[in-house]
Peer 1: 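Please read through the structure below; I'll follow up with questions.
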Amino acid sequence: MFKILLLFIGAYLLGSIPSGVWIGKLFYKKDIRQFGSGNTGTTNTFRVLGKQAGIIVLIMDISKGTLATLLPVLFHSTVINPLWFGVFAIIGHTFPIFAHFKGGKAVATSAGMLLAYNPLFFLYSSAIFVIFLFLTSTVSLTSMIAAVLITLSTIILPYWVPAILPTHNWLLTIIAIGVSAFIFYRHKENIARIKNGTESKVSFGLQTTKKKE
């Protein structure tokens with residue numbers, strides 16, 4: 001039990017690594033929390049620090065979820081479903097102890113959890129995100145649409161396309177519902193801007209531009 005507790009703490013601490021903040025301060029002498037949306041995640045990193053930093057932070061944030069989910073496998077502790085460790089990484093990412101409990105919006109780290117759980121399902125989910133990002137040019141709207149579609153896919157795919165997701169895992173579905181609800185909550189300000197037509201757009205040079213009122 002003590003070992004499992006340590007692994008949960010480790011998963012939370014991994015998730016708590018504020019990738020955007022650390023990359024910004026270390027290499028760009030900027031605290032991204034003071035620019036753009038003030039968020040510590042990938043989108044604001046692209047906006048404030050540019051493409052190279054954004055890609056690095058994206059990889060780091062995905063890796064946090066992946067490594068945390070794999071902790072029980074790496075340490076030979078299979079008593080508890082690995083997805084729970086991914087959840088703790090997501091909590092760490094959104095409420096990071098290393099950044100005064102003000103973190104990102106859970107999207108990239110959640111994707112990392114899926115990568116550890118089922119790489120093919122991760123690729124399927126990533127394809128959904130990329131397609132809707134191309135269609136909407138809006139990261140926030142794409143994140144919410146993808147969250148809903150991926151949640152539905154956890155139920156539908158085992159019956160329709162078992163090659164991608166062979167079995168239905170209710171825990172995965174429940175976690176997906178919870179993460180989706182949280183993503184919507186964290187995007188409440190974005191939702192208001194989408195309604196007003198003032199939400200930031202993203203070009204396919206991966207630099208954001210803001211629509212003029």
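Heads up: numbering here begins at 1 and tracks the sequence.
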Peer 1: Starting at OG1 of Thr40, measure out to CZ of Arg33 and round the result to the nearest 0.5 Å.
Peer 2: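 Answer rounded to 0.5 Å: 8.0 Å.
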Peer 1: Step through the shown structure and confirm whether more than 12 heavy atoms of other residues, nucleotides or ligands are within 6.0 Å of OH on Tyr28.
Peer 2: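 Yes, enclosed.
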Peer 1: Would Leu165 and Ile177 show up in the same hydrophobic cluster when neighbours are defined by side-chain heavy atoms closer than 4.5 Å?
Peer 2: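 Leu165 and Ile177: separate clusters.
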Peer 1: Hey, are the side chains of Ile62 and Leu115 touching, using non-hydrogen atoms and a 4.5 Å cut-off?
Peer 2: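 Yes, at least one pair of side-chain atoms sits under 4.5 Å.
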Peer 1: Show the numbers, then the answer: is there a side-chain contact (heavy atoms from CB on, under 4.5 Å) between Leu114 and Ile150?
Peer 2: CA-CA 10 Å; Leu114 293 182; Ile150 291 167; 4.2 Å; yes
Peer 1: Tell me whether Phe75 at atom CZ has more than 12 heavy atoms from other residues, nucleotides or ligands lying less than 6.0 Å away.
Peer 2: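 Not buried by this count: 12 neighbours or fewer within 6.0 Å.
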Peer 1: Taking all non-hydrogen atoms of both residues into account, name the closest pair between Thr42 and Ala108 and its distance.
Peer 2: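 The answer is OG1-CB, 4.3 Å.
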Peer 1: Report yes or no: does Ser180 contribute a side-chain atom to a donor-acceptor pair with the main-chain N or O of Ala147 at less than 3.5 Å?
Peer 2: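 Present.
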Peer 1: Among residues at least two apart in sequence or on other chains, which ones pass ring pair (Phe, Tyr, Trp, His ring centres under 6.0 Å) with Phe8?
Peer 2: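 So Phe8 forms a ring pair (Phe, Tyr, Trp, His ring centres under 6.0 Å) with Phe85, Phe88.
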Peer 1: Are more than 12 heavy atoms from other residues, nucleotides or ligands located less than 6.0 Å from atom NZ of Lys102?
Peer 2: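 Atom NZ in Lys102 is not packed in, count stays at 12 or less.
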Peer 1: Below 30° counts as parallel, above 60° as perpendicular, anything between as tilted: where do the rings of Phe121 and Tyr124 land?
Peer 2: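 Plane angle under 30°, so parallel.
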Peer 1: For Ala11 versus Leu71, what's the shortest heavy-atom pair and its separation?
Peer 2: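 Taking Ala11 first and Leu71 second, the nearest heavy atoms are N-CD1, 3.6 Å.
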Peer 1: Would you please say whether a donor-acceptor pair under 3.5 Å links the side chains of Thr94 and Lys105?
Peer 2: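 On atom types as modelled, these side chains do not qualify, holding no pair under 3.5 Å.
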Peer 1: Over all heavy atoms of both residues, which pair between Asp31 and Lys25 is shortest? Give the atoms and the distance, please.
Peer 2: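 Reported closest heavy-atom pair: OD2-CE, 3.6 Å.
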Peer 1: Mind checking whether Thr142 and Phe134 have side chains closer than 4.5 Å, heavy atoms only?
Peer 2: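 Of all side-chain heavy-atom pairs linking Phe134 with Thr142, none is under 4.5 Å.
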Peer 1: Output all residues satisfying ring pair (Phe, Tyr, Trp, His ring centres under 6.0 Å) with Phe129, sequence neighbours left out; order by chain, then residue number.
Peer 2: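 For Phe129 there are no ring pair (Phe, Tyr, Trp, His ring centres under 6.0 Å) partners, ignoring immediate neighbours.
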Peer 1: To the nearest 0.5 Å, how far apart are CG in Leu6 and CG in Leu13?
Peer 2: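 Spacing of CG (Leu6) from CG (Leu13) equals 10.5 Å.
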Peer 1: So with a 6.0 Å cut-off around CH2 of Trp22, is the heavy-atom count from everything else above 12?
Peer 2: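 Count over threshold, so yes.
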Peer 1: Do Val139 and Leu133 have side chains that get closer than 4.5 Å, going by heavy atoms?
Peer 2: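 Sidechains of Leu133 and Val139: in contact.
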Peer 1: Does NZ belonging to Lys188 count more than 12 external heavy atoms closer than 6.0 Å?
Peer 2: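 Atom NZ in Lys188 is packed in, count exceeds 12.
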Peer 1: Rounded to the nearest 0.5 Å, how far apart are CG of Leu58 and NZ of Lys51?
Peer 2: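 Answer rounded to 0.5 Å: 12.5 Å.
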Peer 1: In Å and rounded to the nearest 0.5 Å, what is the NE2 to CZ distance from His187 to Phe182?
Peer 2: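 The CZ atom of Phe182 is 10.5 Å from NE2 of His187, to the nearest 0.5 Å.
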Peer 1: For Phe35, is the CZ atom crowded, meaning more than 12 foreign heavy atoms sit under 6.0 Å from it?
Peer 2: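 More than 12 heavy atoms, drawn from other residues, nucleotides or ligands, come within 6.0 Å of this atom.
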Peer 1: Any side-chain to backbone donor/acceptor pair from Thr154 onto Thr151? Under 3.5 Å, distance only.
Peer 2: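 Yes, Thr154 side chain to Thr151 backbone: donor-acceptor pair under 3.5 Å.
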Peer 1: Looking at side-chain heavy atoms only, is the closest gap between Leu74 and Leu67 below 4.5 Å?
Peer 2: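 Side-chain contact under 4.5 Å: yes.
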Peer 1: Between Asn44 and Arg47, is any side-chain donor less than 3.5 angstrom from a side-chain acceptor?
Peer 2: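 Arg47 and Asn44 do have a side-chain donor-acceptor pair below 3.5 Å.
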Peer 1: Any chance you could lay out the side-chain contact (heavy atoms from CB on, under 4.5 Å) test for Ser19 and Lys64, step after step, and finish with the verdict?
Peer 2: CA-CA 10 Å; Ser19 310; Lys64 293 189 304 186; 4.1 Å; yes
Peer 1: Mind listing the closest non-hydrogen atom pair of Gly24 and Leu49 along with its distance?
Peer 2: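 That closest heavy-atom pairing would be CA-CD1, 3.5 Å.
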Peer 1: Verify, without hydrogens or angle tests, whether Asn118 (side chain) and Ile164 (backbone) share a donor-acceptor contact under 3.5 angstrom.
Peer 2: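 Between the backbone of Ile164 and the side chain of Asn118 there is a qualifying donor-acceptor contact (under 3.5 Å).
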Peer 1: Assigning hydrophobic clusters by single linkage (Ile, Leu, Val, Met, Phe, Trp, Tyr; side-chain heavy-atom cutoff under 4.5 Å), is Val148 placed with Ile155?
Peer 2: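 Each belongs to a different hydrophobic cluster.
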Peer 1: I'd like to know if the side chain of Ser77 and the backbone of Pro72 have a donor-acceptor N/O pair within less than 3.5 Å.
Peer 2: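 No; zero donor-acceptor contacts below 3.5 Å.
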Peer 1: Hey, does Glu199 have a side-chain heavy atom less than 4.5 Å from the side chain of Thr136?
Peer 2: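 No, side chains not in contact.
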Peer 1: Can you tell me how far CG of Leu83 sits from CD1 of Ile175, rounded to the nearest 0.5 angstrom?
Peer 2: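 Taking CD1 in Ile175 and CG in Leu83, the distance rounds to 4.5 Å.
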Peer 1: Going hydrophobic residue to hydrophobic residue with side-chain gaps under 4.5 angstrom, can you get from Leu70 over to Leu171?
Peer 2: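 Linked within one cluster.
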Peer 1: Consider only side-chain heavy atoms of I, L, V, M, F, W and Y, link residues closer than 4.5 Å, and tell whether Leu5 and Ile97 are in one cluster.
Peer 2: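 Yes: a chain of side-chain contacts under 4.5 Å links Leu5 to Ile97.
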Peer 1: Give a yes or no on whether Ile174 and Met113 share a hydrophobic cluster (residues Ile, Leu, Val, Met, Phe, Trp, Tyr; joining criterion: side-chain heavy atoms under 4.5 Å apart).
Peer 2: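 No; tracing contacts between hydrophobic side chains, which count when under 4.5 Å, never links both residues.
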Peer 1: Do you know the tightest heavy-atom contact between Ser153 and Ile128?
Peer 2: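 Scanning both residues, the minimum pair turns out to be OG-CD1, 4.4 Å.
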Peer 1: For Ser37 and Thr43, run side-chain contact (heavy atoms from CB on, under 4.5 Å): C-alpha distance rounded to whole Å, both residues' side-chain angles, the deciding distance at 0.1 Å, then the answer.
Peer 2: CA-CA 9 Å; Ser37 67; Thr43 303; over 6 Å; no
Peer 1: Does Tyr117 form a side-chain contact (heavy atoms from CB on, under 4.5 Å) with Asn169? I'd like the steps, not just the answer.
Peer 2: CA-CA 11 Å; Tyr117 175 74; Asn169 185 335; 3.3 Å; yes
Peer 1: At what distance, to the nearest 0.5 angstrom, does CG of Asp61 lie from OG1 of Thr66?
Peer 2: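 Result: 11.0 Å between the selected atoms.
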Peer 1: Of all heavy-atom pairs between Ala89 and Gly65, which one has the smallest distance, and what is that distance?
Peer 2: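 Nearest pair, atom of Ala89 first, then Gly65: CB-CA, 4.3 Å.
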Peer 1: Verify, without hydrogens or angle tests, whether Arg186 (side chain) and Gly104 (backbone) share a donor-acceptor contact under 3.5 angstrom.
Peer 2: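 Confirmed, Arg186 side chain pairs with Gly104 backbone.
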